[in-house]
Enquirer: 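Before we start, here is the structure in question, set down as structure tokens.
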Amino acid sequence: MFWIFCFWLTAALLLLPLPFKLNALITAKDTRSAFVKYEEWANTLLLAIGLMAFCSFTYPRSLPLSKHGWQGWLLLTIGVSIMALGRSAKLRHATEVFIGSQRCKDRHYY
């Protein structure tokens, strides 16, 4: 029961904001840089692929990828997450918004 709850919570966190993100992208209301948008959609894609594995864990069924394919996805996701800690367009953008662009440039938060 716990894993079913975790799966649906993760699915909701991925799927509920998706229409709003698409609307902002299509109507050009999203004023962030292209790198921020690219990183956000790449993370969404990686999470969606991982959601398939989580679904097959929660509701036992066959996986669309082989065991080695999922291990490769896991290594790729871990690598992207670690690299994002050091240099991330989304983190830089959030720092500029919350702290201010001048203070961010002065203190080299990115």
Enquirer: Return each pair, listed once, that meets salt bridge (charged side-chain N to carboxylate O under 4.0 Å, His left out) where at least one residue sits in residues 4-17; pairs must be two or more places apart or across chains.
Expert: none
Enquirer: Any pair with a residue in residues 6-15 that passes salt bridge (charged side-chain N to carboxylate O under 4.0 Å, His left out), sequence neighbours left out, goes on the list, sorted by first then second residue, please.
Expert: none
Enquirer: Side-chain polar contacts of residues 8-19 - donor-acceptor pairs under 3.5 angstrom, sequence neighbours left out - could you list them?
Expert:
residue : atom : partner : partner atom : Å
Trp8    : NE1  : Tyr59   : OH           : 2.8
Thr10   : OG1  : Cys6    : O            : 2.8

Enquirer: Output all residues satisfying side-chain contact (heavy atoms from CB on, under 4.5 Å) with Tyr38, sequence neighbours left out; order by chain, then residue number.
Expert: none
Enquirer: Could you work out, with side chain to side chain donor-acceptor pair (under 3.5 Å) as the rule, every residue matching Asn23, not counting sequence neighbours?
Expert: none
Enquirer: Which pairs, with at least one residue in residues 6-29 and sequence neighbours excluded, count as a salt bridge (charged side-chain N to carboxylate O under 4.0 Å, His left out)?
Expert: Lys21-Glu40
Enquirer: My understanding is that only residues two or more places apart in sequence, or in another chain, count here; which of them pass salt bridge (Lys or Arg N to Asp or Glu O under 4.0 Å) with Glu39?
Expert: none
Enquirer: List in chain and number order the residues that pass ring-ring contact (aromatic ring centres under 6.0 Å, His included) with Trp3, two or more places apart in sequence or in another chain; answer none if no residue qualifies.
Expert: Phe57
Enquirer: What's the separation between atom CG in Leu25 and atom NZ in Lys37, rounded to the nearest 0.5 Å?
Expert: 6.0 Å
Enquirer: Find out whether Leu47 and Leu51 are in side-chain contact, i.e. whether some heavy atom of one side chain is under 4.5 Å from a heavy atom of the other.
Expert: no
Enquirer: Kindly work out whether a path of hydrophobic side-chain contacts (I/L/V/M/F/W/Y, heavy atoms less than 4.5 Å apart) joins Phe35 to Leu45.
Expert: no
Enquirer: Given the rule that I, L, V, M, F, W and Y join up when any side-chain heavy atoms are under 4.5 Å apart, are Leu75 and Ile49 in one cluster?
Expert: no
Enquirer: With rounding to the nearest 0.5 angstrom, report the CH2 to CG distance, Trp41 to Leu22.
Expert: 4.0 Å
Enquirer: Could you go through residues 76-85 and list every donor-acceptor pair under 3.5 Å that involves a side-chain atom there, pairing it with any protein atom two or more places apart or in another chain?
Expert:
residue : atom : partner : partner atom : Å
Thr77   : OG1  : Trp73   : O            : 2.8
Thr77   : OG1  : Trp73   : NE1          : 3.4
Ser81   : OG   : Thr77   : O            : 2.9

